[in-house]
Amino acid sequence: MIHIDMKGKHALVMGVANHRSLSWAIAQCLHSAGARVCLTYASERLKPMVEELAGTIGATTLECDVTKDYTIDEVAKRLEGRWGSIEMLVHGIAYARKEDLEGAFVATPREGFQLALDVSAYSLINVIHRTLPLLQKNGASVVTLTYFASERAVPSYNVMGSAKAVLEQSVRQLSFELGSKNIRVNALSAGPVSTLAARGIHGFTDMLKEHSHMAPLKRNITKEEVGTAALFLLSELASGITGTTLYVDAGYHVMGW
Ligand code: NAP
């Protein structure tokens, strides 16, 4: 029987807001497999909630706002002292201003476009760059979370669809550049799950219904299914996989109508 054993491995999991966060589901799976986990949260406001969750899996926590380089550097410095290496990196971070997810996409202001792409796509490149000495120590697997709006026009996703397209191309480019350092980089494209970020999308509840109706499996996915698929990509079972997008969407992406 194949068993995923992450004992002795270190996982940096970024983007936990609360118990509904997809990053949290992944962190729980990593913990079950024996990994040591550090969770990051975006601001002081989230600290009590994230510390409470972390306590249940013996994880540590650090603050990291990816729009501020010095907070990423601080995370790298702390983990260098604490662990000396990172074998798994989970990037579950995205943000767009509410008004840029509501109005006409054609009217997206420059600041809104730049902010969404900075937080939701550039941060993957920047975090990898700033933690590279730790990632290349023993080799590493990186997983970022994306959505099908990168490939199709989805009402209300607006600038977030643009950000996800850039994110997925960055995964391919990073996988090429970092492969020789034994660092794998993959994206996991999740179907809709009710989280804080998802509920910011206008019409999200209708979308959940439509998705379950259309998807081959005739249901929506669970955050636990995102967790186990990410565990696979992060583990040695996926040692031959890099630069790819794995769909965890009950098959929705294969449909043609
Ligand atoms: P979530 O719980 O709201 O997670 C998003 C996280 O990004 C939050 O922790 C948020 O913190 C963080 N973040 C925003 N700005 C940040 C910044 N400047 N620095 C650091 N962190 C920042 O929602 P989620 O659905 O789990 O989202 C995780 C990822 O999954 C996202 O990339 C999302 O696009 C992707 N995804 C979600 C779905 C879905 O249906 N839920 C489907 C496909 C892909 P704050 O709360 O403080 O803003």
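Note that ligands are numbered from 1 as they come in the structure, with each ligand's atoms numbered from 1 the same way. Basis for what follows: all heavy atoms, side chains included, without hydrogens, waters or symmetry-related copies. What you are looking at is a predicted structure, and each value in this text was computed from that prediction instead of being measured.
- We find the NE2-CG distance between His19 and Leu53 to be 8.5 Å, quoted to the nearest 0.5 Å.
- Summarising the geometry of Ala33 relative to Ile4, their closest heavy-atom pair is CB-O, 3.8 Å, with the distance given to 0.1 Å.
- Nearest protein heavy-atom contact of atom 15 (N) of ligand 1 is Val119 CG1, 3.5 Å.
- Protein heavy atom in closest approach to atom 25 (O) of ligand 1: Thr195 OG1, 2.5 Å.
- From the protein, the heavy atom lying nearest to atom 19 (N) of ligand 1 is Val66 N, 2.9 Å.
- In the vicinity of Pro192, heavy-atom distances shorter than 4.0 Å reach the ligand 1 atoms 40 (O).
- With atom 6 (C) of ligand 1 as the reference point, the heavy atom nearest to it among Ala96, Gly92, Ala17, Ala25 is part of Gly92.
- Backbone and side-chain nitrogen or oxygen atoms of Leu46 are examined, and none is located within less than 3.5 angstrom of a nitrogen or oxygen of ligand 1.
- Counting heavy atoms closer than 4.0 Å to ligand 1, residue Cys64 contributes backbone atoms (N, CA, C, O) but none from C-beta onward.
- Taking a cutoff of 4.0 Å between a charged side-chain nitrogen and a carboxylate oxygen, Arg78 and Glu74 qualify as a salt bridge.
- Near Gly191, meaning under 4.0 Å from one of its heavy atoms, ligand 1 places the atoms 40 (O), 42 (C).
- Between the side chain of Ser21 and the backbone N or O of Ser23 there is no donor-acceptor pair closer than 3.5 Å.
- The backbone N or O of Leu145 lies less than 3.5 Å from a partner atom in the side chain of Lys164, making a donor-acceptor pair.
- Using a 4.0 Å cut-off between heavy atoms, Thr40 makes no contact with ligand 1 at all.
- Counting heavy atoms of neighbouring residues, nucleotides and ligands inside a 6.0 Å radius, atom NE2 of His253 exceeds 12 of them.
- Less than 4.0 angstrom separates some heavy atom of Val193 from each of these atoms of ligand 1: 39 (C), 40 (O), 41 (N).
- Taking a distance limit of 4.0 Å, we find that atom 10 (C) of ligand 1 is approached by no protein heavy atom.
- Polar contact with ligand 1: absent for Tyr147 (N/O pair, distance under 3.5 Å).
- Compare Met49, Lys164, Met14 by their heavy atoms: the one nearest to atom 34 (O) of ligand 1 is in Lys164.
- The shortest contact between atom 37 (C) of ligand 1 and any protein heavy atom is with Leu22 CD1, 3.6 Å.
- Taking every heavy atom of Leu196 and a limit of under 4.0 angstrom, the matching atoms of ligand 1 come to 3 (O).
- Distance alone, capped at 3.5 Å, places no donor-acceptor pair between the Arg199 side chain and the Phe204 backbone.
- Listed for the Glu151 side chain is no donor-acceptor partner under 3.5 Å among the backbone atoms of Phe148.
- Residue, atom and distance of the protein heavy atom nearest to atom 31 (C) of ligand 1 are Ala94 CB, 3.6 Å.
- Looking from atom 4 (O) of ligand 1 to the surrounding protein, the closest heavy atom is Gly15 O, 3.6 Å.
- Each of the atoms 17 (C), 18 (N), 19 (N) of ligand 1 lies under 4.0 Å from some heavy atom of Asp65.
- Interface of Tyr95 with ligand 1, defined as ligand atoms under 4.0 Å from a residue heavy atom, comprises 14 (C), 15 (N).
- Judged purely by distance below 3.5 Å, without hydrogens or angles, the side chains of Gln173 and Gln169 pair a donor atom with an acceptor atom.
- Side chain of Thr61 to main chain of Glu51: no donor-acceptor pair is present (N/O by atom type, distance under 3.5 Å, no hydrogens or angles).
- In summary, the atoms of ligand 1 found under 4.0 Å from a heavy atom of Ala190, numbered by their order in the structure, are 42 (C), 43 (C).
- Annotation for ligand 1: atoms under 4.0 Å from non-hydrogen atoms of Leu145 are 29 (C), 30 (O), 32 (O), 35 (C).
- Under the 3.5 Å distance criterion, the side-chain polar atoms of Asn186 are matched with a main-chain donor or acceptor of Thr244.
- The shortest side-chain heavy-atom distance between Leu124 and Val142 falls under the 4.5 Å cut-off.
- Regarding atom 13 (N) of ligand 1, its nearest protein heavy-atom neighbour is Ile93 CG2, 3.8 Å.
- The only member of Arg36, His10, Lys137 that meets side-chain hydrogen bond (donor to acceptor under 3.5 Å, both in side chains) when paired with Glu87 is His10.
- Residues Asp69 and Asn126 have side chains that bring a donor and an acceptor to within less than 3.5 angstrom of each other.
- When non-hydrogen atoms are compared, ligand 1 lies under 4.0 Å from neither the backbone nor the side chain of Met160.
- Contacts between Asn18 and ligand 1 below 4.0 angstrom, taking non-hydrogen atoms only, are absent altogether.
- Without hydrogens or angle criteria, Thr131 side chain to Leu134 main chain gives no donor-acceptor distance under 3.5 Å.
- Of the protein's heavy atoms, Ala42 CB, 3.4 Å lies nearest to atom 21 (N) of ligand 1.
- The presence of a protein heavy atom under 4.0 Å from atom 2 (O) of ligand 1 is confirmed.
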